[in-house]
Protein chains: 2
Amino acid sequence: MTTQQQDPPAVRRRVRLTPEQRQAQILEAATRLIARHGFTGMALADVAQGVGLTQAGLLHHVGSKEGLLELVVSQLYDRRGTPDDYVATGDPAATHPDGISLPGYFRFLVAFNAARPELLRLYTVLGVEASSPEHPAHPYFLDRPDQVWGFYRGFAWRLPPEVGPFDGLRDLVEMTIEAMDGLQIRSFRRPAVDLATEWAKFERVLYPAPVWDGYR
Amino acid sequence: MTTQQQDPPAVRRRVRLTPEQRQAQILEAATRLIARHGFTGMALADVAQGVGLTQAGLLHHVGSKEGLLELVVSQLYDRRGTPDDYVATGDPAATHPDGISLPGYFRFLVAFNAARPELLRLYTVLGVEASSPEHPAHPYFLDRPDQVWGFYRGFAWRLPPEVGPFDGLRDLVEMTIEAMDGLQIRSFRRPAVDLATEWAKFERVLYPAPVWDGYR
DNA sequence: GTCTATACTGAGATAGAC
DNA sequence: GTCTATCTCAGTATAGAC
């Protein structure tokens with residue numbers, strides 16, 4: 001004789017959401033899990049559980065594990081802080097008639113990212129994992145430096161005369177991104193650091209006085 | 001009728017090496033594969049193939065997959081460029097009677113790492129992967145900032161008076177490591193960059209003239 | 001759209017012969 | 001120390017009912 005009991009009828013089964021709601025849910029759960037375990041280390045069943053579906057139910061939406069990754073990567077474009085977002089804040093350094101403050105924008109970007117830790121971590125973890133040529137996200141990250149520069153170069157930055165608008169600016173942008181990536185890795189470790197505080201240190205060396213006084 | 005042929009008797013079977021030779025082989029193969037695919041993404045069978053063993057044969061040496069990781073991590077201590085290594089080069093900036101050049105040492109470290117790309121990549125890939133608390137290498141990387149500082153602070157650096165030997169130096173060391181980590185991520189992408197060339201740019205901003213003139 | 005059930009695969013680990 | 005053979009488990013994917 002066993003102590004088994006009849007399972008109570010499961011509640012909230014087969015909840016049917018709109019495709020948009022489901023997709024947003026899936027993105028949220030996948031972002032969190034890939035950020036933590038990488039794409040390789042993440043299991044579809046865990047994403048499914050995160051959105052209250054079975055694995056088969058999840059696969060109905062994304063087709064395959066790689067399809068889920070494509071979904072996640074494709075929406076990275078929409079979830080980043082752009083110079084236009086910075087201008088839209090109305091910050092005087094952003095709306096200055098001579099152009100947008102470069103240090104000001106990157107300060108804004110750090111704050112933007114710091115408010116979205118899962119997304120930031122996703123970028124780092126996926127970006128490093130995708131350094132392997134066999135990784136499905138490899139092509140996306142391989143050309144990021146060119147893509148980022150192609151995007152940023154199109155804005156009207158307010159730069160000190162010492163910084164050329166081409167090579168000088170590009171070097172500065174690349175170093176800035178490298179410093180941010182390194183700071184992000186640091187933020188995984190102890191003692192814990194505050195991104196904005198640590199970034200202020202880099203800002204002082206990357207955009208030093210007196211050259212950048214009045215351009216921040 | 002098939003074209004099958006009798007396989008030639010496999011050559012070099014059951015090659016028995018000394019434990020030291022085997023361990024060195026295993027380390028080399030594991031480093032390469034973890035650097036490429038991460039610890040999660042790496043398969044024991046591939047490491048085994050890399051050293052000419054079966055998976056069972058490899059497990060005889062390392063016990064388990066986690067045992068292999070411990071082996072890899074434990075030897076990271078021995079394979080890094082230390083300030084002492086820098087002094088041993090005889091470089092005048094290293095053997096200066098007033099102390100070791102900090103920018104000079106980091107320049108040496110970049111060259112040291114650039115000559116060991118697999119090891120450098122292992123550090124980055126494993127270090128990011130291990131940001132997850134469940135990762136077996138998590139404890140090792142969690143306290144690295146403190147450990148690195150505890151190690152570097154013990155050397156006699158030759159510093160300009162503007163840099164305090166405590167907070168000022170520590171900030172500088174942390175920023176240097178962050179910049180190197182970010183540069184390493186950049187090196188995974190296109191267009192390809194030369195580590196030494198790119199580091200020279202960071203050196204100029206982290207150790208600027210005129211403060212650091214004469215301390216390089 | 002979502003489920004249950006199941007097929008299939010890859011990978012870590014163990015047993016025991018040599 | 002190394003092998004072959006096998007076990008076990010986790011994870012992706014498919015089929016078909018509802």
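Chain naming here is simple, since letters A, B, ... match the order of the sequence lines and numbering starts at 1 in each. All of these numbers come straight from a predicted model, not from anything done at the bench.
Set against C:dG1, D:dG11, C:dT2, the side chain of A:L53 has C:dT2 as its closest nucleotide. Closest to the side chain of B:A43, out of C:dA13, D:dA13, C:dA11, is C:dA11. Of the candidate nucleotides D:dT12, C:dA13, C:dT2, C:dA13 has the atom nearest to the side chain of B:L44. Of the candidate nucleotides D:dA13, D:dG1, D:dT2, D:dT2 has the atom lying nearest to any side-chain atom of B:H61. Distance from the side chain of B:Q55 is smallest for C:dG12 among the nucleotides D:dA13, C:dG12, C:dT2. With distances taken from any side-chain atom of B:S64 to the nucleotides C:dA13, D:dG1, D:dT2, the minimum falls on C:dA13.
In this structure, B:Q25 atom CD and D:dG1 atom P are separated by 13 Å, rounded to whole Å. Going from atom NE2 of B:H37 over to atom P of C:dG10 covers 15 Å, rounded to whole Å. Rounded to whole Å, the distance from NZ on B:K65 to P on C:dG12 is 5 Å. Here D:dG11 presents its P atom at 15 Å from CD1 of A:I34, a figure rounded to the nearest Å. The interatomic distance linking A:L58 (CG) with D:dT12 (P) rounds to 10 Å, in whole Å. To the nearest angstrom, C1' of C:dA11 lies 15 Å from CD of B:Q49. Separating the CG atom of A:L59 from the C1' atom of D:dG16 is a distance of 15 Å, rounded to the nearest angstrom.
Within 6.0 Å of atom CG in A:D167, 12 or fewer heavy atoms from other residues, nucleotides or ligands are found, so the atom counts as exposed in its surroundings. Surrounding CD of B:Q75 are more than 12 heavy atoms belonging to other residues, nucleotides or ligands, all under 6.0 Å away.
Within the structure, every side-chain polar atom (N or O) of B:H60 is placed at least 4.0 Å from both OP1 and OP2 of D:dC3. One finds a side-chain N or O of B:T54 lying less than 4.0 angstrom from the OP1 or OP2 phosphate oxygen of D:dC3.
Residues A:F106 and A:F202 are not in side-chain contact: their nearest non-hydrogen atoms beyond the backbone lie 4.5 Å or more apart.
Between B:A56 and B:T18, it is B:T18 whose nearest contact on DNA chain D lies nearer the 5' terminus.
Looking only at distances, no side-chain donor or acceptor of A:R121 sits under 3.5 Å from a matching main-chain atom of A:T31.
Minimum heavy-atom separation, B:L109 to B:Y152: CD2-OH, 3.9 Å.
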